[in-house]
Amino acid sequence: MNWTLIILVGVCAIALIIFLVMRNQKDEVELEEELKNDYRKPNAEDADIDGNKVIK
């Protein structure tokens, strides 16, 4: 087989794997930040719920 072609395909495959790993880490950080910012903190009105009014 042609060694130049094999080496070229191998280098491209390694570059693709490195790119995908780096992109995955970046997306994971962005997702964590989005989840942190998406959480709604309870209002003072929501915190004062009477136990008798809660329907189970």
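- Hydrophobic side-chain contacts under 4.5 Å tie Val11 into a cluster, directly or through other members, with Ile7.
- Residues Met22 and Ile14 fall within the same hydrophobic cluster, defined by Ile, Leu, Val, Met, Phe, Trp and Tyr side chains chained together at heavy-atom separations under 4.5 Å.
- Rounded to the nearest 0.5 angstrom, Glu32 CD and Glu30 CD are separated by 11.0 Å.
- Looking only at distances, no side-chain donor or acceptor of Asp38 sits under 3.5 Å from a matching main-chain atom of Glu34.
- Hydrophobic cluster membership for Val9: Leu5 (Ile, Leu, Val, Met, Phe, Trp, Tyr linked by side-chain heavy atoms under 4.5 Å, directly or transitively).
- The distance from the NZ atom of Lys36 to the CG atom of Leu31 is 11.0 Å, given to the nearest 0.5 Å.
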